[in-house]
Amino acid sequence: MKKIVIISGAGLSADSGISTFRGNDGTWDNHDLDVVCNFNTWERNFDAVHDFYNERRKMLRTVKPNPMHTLLTEFESKYEVYHFTQNIDDLLERAGCKNVIHVHGSLTKMSCEQCGEIWDIGYTAFDSGNHCPDCGSHKKVKPAVVFFNENAPRYAYMWAKLSELKPDDVLIIIGTSGVVLPINDIVASVPCRKVLNNLETGDIRLDNFDYVMLGRASEMAHEMRHVVEGMMK
Ligand code: NAD
Ligand code: ZN
């Protein structure tokens with residue numbers, strides 16, 4: 001049976017109103033990523049880190065999945081799909097996806113670096129009244145998001161699934177610059193059919209793809225359905 005591997009990034013959620021990493025609307029540009037997203041220094045910058053993620057979480061409550069999130073949910077219900085998202089938002093789940101692997105963690109979860117506990121915080125803020133439900137620590141609690149200089153334990157499963165791809169399978173890349181995950185190397189190394197949707201080419205090498213859709217993810221859902229369904233026949 002043919003299968004699909006999806007690797008998605010910030011561009012998938014951009015049309016829902018969540019800004020991309022290096023986009024032009026400033027959400028991330030106004031913050032020093034080295035301060036709010038660095039595993040080596042997060043404890044020193046505790047308040048700035050939590051302020052930043054509290055703000056992102058509050059905003060997440062107000063946004064909605066777009067047609068591309070819905071289409072990827074539809075694929076999951078029809079085919080054998082392994083979806084690895086770099087996104088920390090929960091829009092795929094809110095669109096109905098059940099099996100998304102968040103390789104960079106989840107905004108709606110917290111983790112305790114003291115005891116390893118991970119729990120749901122929903123769209124609420126982590127403040128002085130919040131502690132780890134297991135060991136009671138406050139100072140060792142961080143957003144359950146993979147920071148720079150931090151291990152990403154779910155990568156191993158992603159590499160394993162990529163290495164199993166066969167010529168008839170389909171790899172879908174959506175909304176990622178390929179700066180964090182090495183998309184060019186991944187695409188060059190797998191023998192299957194490959195489909196890309198990004199707003200612009202950026203540093204991604206297009207010649208390795210069988211089908212390229214440059215444009216907004218929410219507006220490409222129709223074309224994406226058509227292309228992928230054709231490949232899965
Ligand atoms: P990135 O910001 O580096 O690149 C975004 C990519 O999306 C670009 O290639 C751009 O062409 C494309 N894009 C922008 N708008 C688009 C649209 N409307 N439709 C289709 N494509 C569009 O994102 P990245 O590669 O995912 O890396 C960013 C890192 O930051 C990730 O590790 C992720 O964890 C984190 N991040 C997550 C979110 C989120 O959870 N929604 C948002 C920002 C950043
Ligand atoms: Zn704890």
Side-chain angles (χ1 to χ4, degrees), residues 6-31 33 36-38 52-53 55-57 59-60 63-69 71-72 84-94 100-119 126 130-148 150 152 154-155 158 172-184 186 195-206 212-221 223-224:
I6 304 169
I7 297 180
S8 61
L12 168 62
S13 296
D15 292 341
S16 294
I18 303 182
S19 57
T20 61
F21 219 10
R22 297 167 185 89
N24 297 321
D25 55 2
T27 309
W28 294 74
D29 298 338
N30 290 337
H31 293 85
L33 291 178
V36 297
C37 200
N38 187 340
F52 178 74
Y53 286 98
E55 200 53 46
R56 305 270 82 71
R57 223 176 277 118
M59 202 272 283
L60 184 53
V63 298
K64 291 196 185 73
N66 68 56
M68 189 60 94
H69 293 105
L71 177 68
L72 300 179
F84 300 93
T85 188
Q86 298 169 87
N87 292 347
I88 58 175
D89 66 60
D90 64 350
L91 292 178
L92 285 162
E93 284 78 6
R94 275 154 62 184
V100 180
I101 298 117
H102 287 267
V103 293
H104 292 159
S106 298
L107 189 51
T108 54
K109 293 190 174 137
M110 305 301 288
S111 73
C112 175
E113 296 304 302
Q114 183 146 288
C115 72
E117 182 76 358
I118 293 180
W119 67 98
F126 178 82
N130 295 113
H131 298 88
C132 167
D134 192 28
C135 74
S137 175
H138 176 72
K139 277 290 177 194
K140 290 283 180 185
V141 176
K142 80 179 263 297
V145 167
V146 176
F147 285 3
F148 294 117
E150 185 173 5
R154 296 180 196 88
Y155 279 1
M158 181 183 70
I172 303 174
I173 305 287
I174 298 184
T176 174
S177 60
V179 172
V180 181
L181 279 180
I183 298 299
N184 286 333
I186 290 172
V195 180
L196 172 72
N197 168 220
N198 250 353
L199 192 56
E200 75 279 319
T201 309
D203 293 331
I204 306 264
R205 284 191 48 198
L206 303 185
V212 173
M213 294 165 226
L214 294 180
R216 310 186 71 85
S218 63
E219 291 166 7
M220 293 291 151
E223 192 173 342
M224 179 67 85

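Both counts, for ligands and for their atoms, begin at 1 and track the order of listing.
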Would you say Val179 touches ligand 1, if touching means a heavy atom closer than 4.0 Å?
no

Can you find an N/O atom of Leu12 closer than 3.5 Å to an N/O atom of ligand 1?
no

Look only at the side chain of Asn87 and the backbone of Asp89, and say whether a donor-acceptor pair between them is shorter than 3.5 Å.
no

So is Arg56 actually on top of Phe52's ring, under 6.0 Å and inside 45° of the axis?
yes

What do we get for Ala14 next to ligand 1 when only non-hydrogen atoms under 4.0 Å count, side chain, backbone, both or neither?
side chain

Heavy-atom proximity to atom 19 (N) of ligand 1, picking from Ser218, Ala152, Ala217, points to Ala217

Ignoring hydrogens and geometry, is there a side-chain-to-backbone donor-acceptor pair from Asn184 to Gly178 under 3.5 Å?
no

Separation between CZ (Arg94) and OG (Ser16), nearest 0.5 Å, reads 8.5 Å

So if I count the atoms of ligand 1 from 1 in the order they appear, which ones are less than 4.0 Å from some heavy atom of Gly9?
26 (O)

Would you say Ser218 and Asp15 are linked by a side-chain donor-acceptor pair, where the criterion is simply a distance under 3.5 Å?
yes

Any idea which part of His104 is under 4.0 Å from ligand 1, heavy-atom wise: side chain, backbone, both or neither?
side chain

Name the option, out of Asp15, Leu91, Thr176, Ile18, that contains the heavy atom nearest to atom 25 (O) of ligand 1.
Thr176

Are the side chain of Asn197 and the backbone N or O of Ile174 linked by a donor-acceptor pair below 3.5 Å?
no

Mark yes or no for whether His138, through its side chain, and Asn130, through its backbone, hold a donor-acceptor pair below 3.5 Å.
yes

Indicate whether the side chain of Thr108 and that of Asp90 have a donor and an acceptor atom separated by less than 3.5 Å.
no

Looking only at N/O atoms, are Leu199 and ligand 1 under 3.5 Å apart anywhere?
yes

A student comparing Gly11, Ser177, Ser16 should find that the heavy atom closest to atom 3 (O) of ligand 1 comes from Ser177

Atoms of ligand 1, numbered as shown, that sit under 4.0 Å from any heavy atom of Ile88
39 (C), 40 (O)

Looking at ligand 1, does any of its N/O atoms fall within less than 3.5 Å of an N/O of Gln86?
yes

Opening angle between SG in Cys115 and SG in Cys132, taken at the Zn ion (ligand 2), to 10 degrees
100°

Is there any N or O on Gly175 that sits under 3.5 Å from an N or O of ligand 1?
yes

Regarding ligand 1, does Val180 bring an N or O atom to under 3.5 Å of one of the ligand's N or O atoms?
no

Any non-hydrogen atom of Gly215 lying under 4.0 Å from ligand 1?
yes

Given 3.5 Å as the limit, does a donor-acceptor pair link the side chain of Asn198 with the main chain of Thr176, or not?
yes

Would you say Arg216 and Asn66 make side-chain contact, with heavy atoms under 4.5 Å?
no

Under 4.0 Å from a heavy atom of Ser19: which atoms of ligand 1 are those, numbered in the order shown and with their elements?
42 (C), 43 (C)

